[in-house]
Q: 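Dropping a structure here in structure tokens format, bear with me for questions.
Bear in mind the structure is a predicted one, so any value in this text is a computation, not a measurement.
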Amino acid sequence: MAFRDRQEAGAALAALLTGYTDRSDVIALGLVRGGMPVAAEVATRLHVPLDVLVVRKLGVPWSPEVAFGAIGPGGVQVLNPEIRLEPHEMAPVIRHETAELRRRDRLFRIGRDPLDLTGRVALIIDDGLATGATAGAAVAVARALSATRVVLAVPVGATQAVNRLSLTADKVVCPVTANSFGAVSRYYDDFRQIPDAEVTRLLSRCRT
């Protein structure tokens with residue numbers, strides 16, 4: 001199954017999340033950057049606020065598309081137990097991605113209060129789940145920010161990653177899963193890169 005684009009995927013996801021509609025304690029959190037159009041569609045259809053959650057994948061130096069872990073705000077770090085690297089191999093990647101995480105967090109939080117999830121249900125939304133490292137870091141961040149419940153919602157995902165994250169999130173919603181998953185882009189006709197400006201536009205369009 002392929003979605004036309006992230007907006008269509010968000011509409012399909014929202015149809016499975018109707019129990020959260022019009023709830024004052026719910027917030028949709030889009031993962032930067034590909035998760036933001038999906039999250040914006042969900043937030044619009046459920047009539048809930050939208051905010052951004054910046055999490056960075058840590059790519060293996062000689063194969064960056066493969067994640068050995070991920071980092072999030074507040075020093076949260078999650079490592080993929082299936083990929084083992086030496087400390088000197090990880091350190092440069094962690095330094096680089098930490099700097100980029102801070103840059104993006106400053107950019108997208110201009111004019112916005114620090115993210116506070118106290119007493120709220122966090123709907124963490126991305127465009128797909130391959131290794132699950134980034135989503136795992138996002139769940140950890142939401143817990144650290146005192147969310148009362150963490151729901152991970154993605155249109156497509158690798159079966160193994162979905163099963164693993166079901167142990168850490170309170171609930172995982174993923175309508176399309178596959179054992180031989182491959183890349184997230186396989187499940188979209190239009191999988192263009194999302195620029196920073198579009199993230200800012202989506203945030204300004206949806207209520208907070």
Side-chain angles (χ1 to χ4, degrees), residues 25-36 38-39 49-154 157 161-162 164-172 184 194 196 199-200 202-203 208:
D25 63 334
V26 172
I27 184 169
L29 299 173
L31 296 191
V32 173
R33 288 179 298 215
M36 284 303 297
V38 184
L50 172 71
D51 211 322
V52 60
L53 185 56
V54 181
V55 180
R56 294 293 295 173
K57 181 177 76 173
L58 301 173
V60 174
W62 52 89
S63 187
E65 72 279 3
V66 178
F68 69 81
I71 56 173
V76 173
Q77 180 176 296
V78 177
L79 297 180
N80 183 351
E82 299 173 3
I83 299 177
R84 298 182 182 277
L85 298 179
E86 296 297 326
H88 73 273
E89 295 171 324
M90 295 189 292
V93 179
I94 293 173
R95 281 197 301 270
H96 173 78
E97 295 301 340
T98 297
E100 180 61 12
L101 183 146
R102 290 172 178 165
R103 182 193 73 83
R104 292 190 182 190
D105 204 42
R106 286 194 299 267
L107 172 65
F108 299 134
R109 299 221 70 80
I110 292 176
R112 307 173 76 85
D113 293 330
L115 188 60
D116 182 6
L117 301 180
T118 303
R120 308 189 82 170
V121 176
L123 300 181
I124 296 175
I125 300 168
D126 204 357
D127 53 11
L129 199 62
T131 66
T134 302
V139 170
V141 168
R143 298 250 188 244
L145 294 174
S146 302
T148 56
R149 184 171 172 82
V150 180
V151 178
L152 177 62
V154 292
V162 169
R164 184 170 65 252
L165 286 163
S166 295
L167 302 176
T168 57
D170 294 299
K171 184 176 183 180
V172 177
V184 173
I194 305 299
D196 288 346
V199 173
T200 302
L202 291 169
L203 284 168
T208 57

Q: Determine, stepwise, if the pair Glu82 / Arg164 fulfils side chain to side chain contact (heavy atoms under 4.5 Å, CB included).
A: CA-CA 12 Å; Glu82 299 173 3; Arg164 184 170 65 252; 3.8 Å; yes
Q: In Å, rounded to the nearest 0.5 Å, how long is the span from CG of Asp196 to CG of Leu107?
A: 5.5 Å
Q: Measure the CG-CD1 distance between Leu203 and Ile110 for me, rounded to the nearest 0.5 Å.
A: 11.5 Å
Q: Applying side chain to side chain contact (heavy atoms under 4.5 Å, CB included), run through Val141 and Leu53 and close with a yes or a no.
A: CA-CA 9 Å; Val141 168; Leu53 185 56; 3.6 Å; yes
Q: Please name all residues satisfying side-chain hydrogen bond (donor to acceptor under 3.5 Å, both in side chains) with Asp25, sequence neighbours left out, ordered by chain then number.
A: Arg23
Q: Could you tell me if the side chain of Ile27 sits less than 4.5 Å from the side chain of Val121, heavy atoms only?
A: no
Q: To the closest 0.5 Å, what do you measure between CG (Leu129) and CG (Leu152)?
A: 6.0 Å
Q: Compare all side-chain heavy atoms of Arg143 with those of Val150 and state whether any distance is below 4.5 angstrom.
A: yes
Q: Scan for salt bridge (charged side-chain N to carboxylate O under 4.0 Å, His left out) pairs involving residues 87-101, sequence neighbours excluded, and state none if there are none.
A: Arg56-Glu97, Glu100-Arg103, Glu100-Arg104
Q: Are the side chain of Thr168 and the backbone of Leu165 linked by a donor-acceptor contact shorter than 3.5 Å?
A: yes
Q: Report yes if the side chains of Val199 and Ile194 come closer than 4.5 Å at any heavy-atom pair, otherwise no.
A: yes
Q: When rounded to the nearest 0.5 angstrom, what is the spacing between OG1 in Thr134 and CD1 in Ile124?
A: 11.5 Å
Q: Does the side chain of Leu117 come within less than 4.5 Å of Leu29's, by heavy atoms?
A: yes
Q: If you measure from the Lys or Arg side-chain nitrogens to the Asp or Glu carboxylate oxygens, is any gap between Asp51 and Arg109 under 4.0 Å?
A: yes
Q: Using a 4.5 Å cut-off on heavy atoms from C-beta on, say whether the side chain of Thr131 contacts that of Val66.
A: no
Q: So, for Ala147 and Ala122, which heavy atoms are closest and what is the spacing to 0.1 Å?
A: CB-CB, 4.2 Å
Q: Answer whether the closest heavy-atom distance between the side chains of Arg149 and Leu123 falls below 4.5 Å.
A: no
Q: For a quick test of reading the model, state the closest non-hydrogen atom pair linking Ala67 to Ala133 and the distance between them.
A: CB-CB, 4.1 Å
Q: Mind listing the closest non-hydrogen atom pair of Val54 and Pro73 along with its distance?
A: O-CD, 3.0 Å
Q: Side-chain contact, heavy-atom cut-off 4.5 Å: Met36 with Val52?
A: yes
Q: Can you tell me how far CG of Leu58 sits from NE2 of His96, rounded to the nearest 0.5 angstrom?
A: 10.5 Å
Q: Which heavy atom in Ala137 sits nearest to a heavy atom in Val55, and how many Å separate them?
A: CB-CG1, 3.6 Å
Q: Return the minimal non-hydrogen interatomic distance between Pro61 and Val93, and the atom names on each side.
A: CG-CG2, 3.9 Å
Q: Where is the tightest heavy-atom contact between Val76 and Ala140, given as atom of each residue plus distance?
A: CG1-CB, 3.6 Å
Q: In Å and rounded to the nearest 0.5 Å, what is the CH2 to CG distance from Trp62 to Leu85?
A: 5.0 Å
Q: Does the Thr148 side chain pair with the main chain of Arg120, one donor and one acceptor, at a distance under 3.5 Å?
A: yes
Q: If you define the side chain from C-beta out and look only at heavy atoms, does anything of Thr98 sit under 4.5 Å from Ile71?
A: yes
